[in-house]
Participant: 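Just dropping this structure here.
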Amino acid sequence: MVITELVDYIAYELFQAEAEGKEVDKFTELYPELDLGLAYEIQKRLVELKVEKHQTRRSGYKLGLTSKAKQEMMGVHEPTYGVLLEDMQLMEGQEVSIAPFIHAKIEPEIAFIFNKEVSGPSINTADILDATAYIAPAMEVIDSRYRNFNFTLADVVADNSSSSRYIMSEKLYRLEDIDLRLMGMVFKKNSQIESTSTGAAVMGHPARAIAWMANELSRSGQSIKPGDVVLSGALAGAVEIHAGDHFSVQFDGIGSLDISFKE
Ligand code: 0L1
Ligand code: MG
């Protein structure tokens with residue numbers, strides 16, 4: 001198969017897997033030529049398909065695999081990014097049906113909302129903080145289209161870094177005087193503590209993870225735009241979602257956020 005056909009084929013298979021709620025096997029076994037460069041091309045094609053078929057548009061980006069624990073688990077040394085779309089956003093107070101998901105999990109995150117363009121390739125943590133209008137407590141629902149969440153780095157990048165849905169607090173907070181590295185977090189499932197962490201779990205500083213992404217985006221002529229939401233990466237491990245579950249995340253200084261799931 002020529003490369004452009006392979007990009008279109010894998011993007012379409014991943015689009016259909018999500019639309020039909022069915023798992024697929026990872027593609028790197030059948031197509032060893034699927035490297036990281038090609039994977040981001042497939043991700044771009046997949047996002048184009050979603051924009052066209054769902055009549056939606058880009059709302060921002062997400063970082064994936066930002067914690068050392070997850071990177072070690074996969075034997076990789078770098079994070080990934082994916083694209084957020086408007087129809088992925090869940091609203092506070094909404095009870096969310098798990099019916100469309102394959103085997104979804106949820107993880108606590110910090111959302112950044114930008115009011116300036118951020119264009120690599122030499123962006124650092126300070127540039128990200130300078131361009132950030134607000135931060136907010138957030139949670140990401142991830143849902144791999146691969147059987148048993150079994151994939152390589154290239155597979156997961158092609159699958160838009162397992163993105164599915166996201167929710168962020170409607171109350172937004174200014175960054176002034178908040179040290180994100182030391183900001184404490186408590187993540188609960190059904191009122192029981194599931195994990196605790198601080199912002200430093202995300203590559204030392206969540207804004208450092210976003211700086212990495214801004215520099216990577218510039219390789220394909222992309223940038224963070226004013227108004228974009230960026231999920232900076234999970235502060236703790238993802239937890240399986242079942243009907244009837246309630247999750248909450250509480251942060252020191254920026255409040256909390258809740259979400260419930262039903263059949
Ligand atoms: O947002 C994330 O960290 C998920 C990235 C992909 C890895 C996974 O699906 O666990
Ligand atoms: Mg995430």
Side-chain angles (χ1 to χ4, degrees), residues 10 14 17-18 21 23-28 34 36 39-40 42-43 46-47 59-85 88-90 96 101-113 135-169 180 185 187 189 194-195 197 199-210 212-213 216-217 228-241 247 249 251 257 259:
I10 297 178
L14 288 166
E18 181 169 7
E23 298 167 311
V24 292
D25 289 317
K26 62 183 173 196
F27 293 98
T28 44
L34 174 46
L36 208 50
Y40 276 108
I42 295 166
Q43 181 189 111
L46 172 62
V47 169
S59 55
Y61 295 100
K62 62 158 281 185
L63 273 295
L65 299 175
T66 45
S67 77
K68 209 160 174 236
K70 251 196 180 176
Q71 288 184 8
E72 273 171 5
M73 210 170 80
M74 289 193 61
V76 299
H77 304 286
E78 60 176 307
T80 66
Y81 64 85
V83 176
L84 298 178
L85 298 169
M88 294 177 180
Q89 186 171 5
L90 303 171
V96 180
F101 303 141
I102 300 170
H103 38 206
K105 300 180 187 178
I106 189 162
E107 53 191 25
E109 305 233 1
I110 302 167
F112 286 59
I113 297 97
I135 56 167
M139 286 183 264
E140 182 183 20
V141 174
I142 56 170
D143 195 18
S144 176
R145 269 51 70 175
Y146 297 114
R147 207 171 306 287
N148 304 322
F149 270 83
N150 180 3
F151 44 67
T152 66
L153 192 65
D155 288 298
V156 73
V157 163
D159 189 27
N160 202 19
S161 293
S162 302
S163 63
S164 176
R165 305 283 191 277
Y166 67 98
I167 180 167
M168 55 190 233
S169 145
L180 286 175
M185 184 279 312
F187 184 47
K189 174 184 172 183
E194 191 66 43
S195 53
S197 184
V202 184
M203 289 174 67
H205 193 305
R208 191 187 300 165
I210 302 180
W212 171 85
M213 185 188 74
E216 287 297 307
L217 284 173
D228 276 3
V229 172
V230 177
L231 294 184
S232 52
L235 286 88
V239 178
E240 279 182 25
I241 301 171
F247 294 89
V249 63
F251 285 97
L257 178 66
I259 189 166

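Just so you know, these numbers use all the heavy atoms, side chains as well, and skip hydrogens, waters and symmetry mates. Indexing begins at 1, ligand by ligand and atom by atom, following the structure's order.
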Participant: What I'd like to find out is whether the side chain of Lys62 reaches to under 4.5 Å of the side chain of Met213, using heavy atoms alone.
Facilitator: no
Participant: If you take all heavy atoms of Val157 and Leu36, which pair is closest and at what distance?
Facilitator: CG2-CD1, 3.8 Å
Participant: Please confirm whether Ser144 comes within less than 3.5 Å of ligand 1 when only nitrogen or oxygen atoms on both sides are compared.
Facilitator: no
Participant: Sort by chain and number the protein N/O/S atoms that are closer than 2.8 Å to the Mg ion (ligand 2), and list them.
Facilitator: Glu107 OE2, Glu109 OE2, Glu140 OE1
Participant: Report the nearest protein non-hydrogen atom to atom 10 (O) of ligand 1: residue, atom name, distance rounded to 0.1 Å.
Facilitator: Lys70 NZ, 3.1 Å
Participant: Mark up the atoms of ligand 1 that fall under 4.0 Å of a heavy atom belonging to Val156, in ascending order.
Facilitator: 6 (C)
Participant: Considering only heavy atoms from C-beta outward, does the side chain of Leu84 approach that of Leu231 to under 4.5 Å?
Facilitator: yes
Participant: In terms of residue, atom name and distance, what is the protein heavy atom nearest to atom 5 (C) of ligand 1?
Facilitator: Ser161 O, 3.6 Å
Participant: Within the 4.0 Å heavy-atom shell around Leu63, which atoms of ligand 1 are there?
Facilitator: 1 (O)
Participant: Does any non-hydrogen side-chain atom of Tyr146 lie less than 4.5 Å from one of Leu14?
Facilitator: yes
Participant: Against heavy atoms of Phe149, which atoms of ligand 1 measure under 4.0 Å?
Facilitator: 9 (O)
Participant: Where do Gly233 and Glu109 come nearest, in terms of heavy atoms and distance?
Facilitator: N-OE1, 2.8 Å
Participant: Is there any N or O on Thr80 that sits under 3.5 Å from an N or O of ligand 1?
Facilitator: no
Participant: Give the minimum heavy-atom separation between Asp228 and Gly60, together with the two atoms involved.
Facilitator: CG-CA, 4.0 Å
Participant: Taking the side chain as everything from C-beta on, heavy atoms only, tell me whether Gln43 gets closer than 4.5 Å to Ser161.
Facilitator: yes
Participant: Got the closest protein heavy atom to atom 3 (O) of ligand 1, with its distance?
Facilitator: Leu65 N, 3.1 Å
Participant: Could you tell me the residue and atom name of the protein heavy atom closest to atom 4 (C) of ligand 1, and the distance to it rounded to 0.1 Å?
Facilitator: Lys62 NZ, 3.6 Å
Participant: Which protein non-hydrogen atom lies closest to atom 9 (O) of ligand 1, naming both residue and atom, and how far is it?
Facilitator: Ser162 OG, 2.6 Å
Participant: Check whether any side-chain heavy atom of Val141 lies under 4.5 Å from a side-chain heavy atom of Val96, and answer yes or no.
Facilitator: no
Participant: Shortest non-hydrogen contact from Met139 to Phe247?
Facilitator: CE-O, 3.9 Å
Participant: With side chains defined as the heavy atoms from C-beta onward, is the minimum distance between Lys105 and Glu107 less than 4.5 Å?
Facilitator: no
Participant: Set out, in order, the CA-CA distance, both residues' side-chain angles and the distance that settles side-chain contact (heavy atoms from CB on, under 4.5 Å) for Thr66 and Ser232, then state yes or no.
Facilitator: CA-CA 8 Å; Thr66 45; Ser232 52; over 6 Å; no
Participant: Could you tell me, atom by atom, which parts of ligand 1 come under 4.0 Å of a heavy atom of Gly64?
Facilitator: 1 (O), 2 (C), 3 (O), 5 (C)
Participant: So Leu34 and Ile42, do their side chains get closer than 4.5 Å, heavy atoms only?
Facilitator: yes
Participant: For Glu109 and ligand 1, does the shortest N/O to N/O distance drop below 3.5 Å?
Facilitator: no
Participant: For atom 2 (C) of ligand 1, what is the closest protein heavy atom, and at what distance to 0.1 Å?
Facilitator: Glu107 OE2, 3.3 Å
Participant: Which of the atoms in ligand 1, numbered in the order shown and given with their element, are less than 4.0 Å from a heavy-atom of Phe151?
Facilitator: 7 (C), 8 (C), 9 (O)
Participant: Show which side-chain atoms of residues 203-210 pair as donor or acceptor with protein atoms under 3.5 Å away, not counting sequence neighbours.
Facilitator:
{"from": "His205", "atom 1": "ND1", "to": "Ala207", "atom 2": "N", "distance (Å)": "3.0"}
{"from": "Arg208", "atom 1": "NH1", "to": "Met203", "atom 2": "O", "distance (Å)": "3.1"}

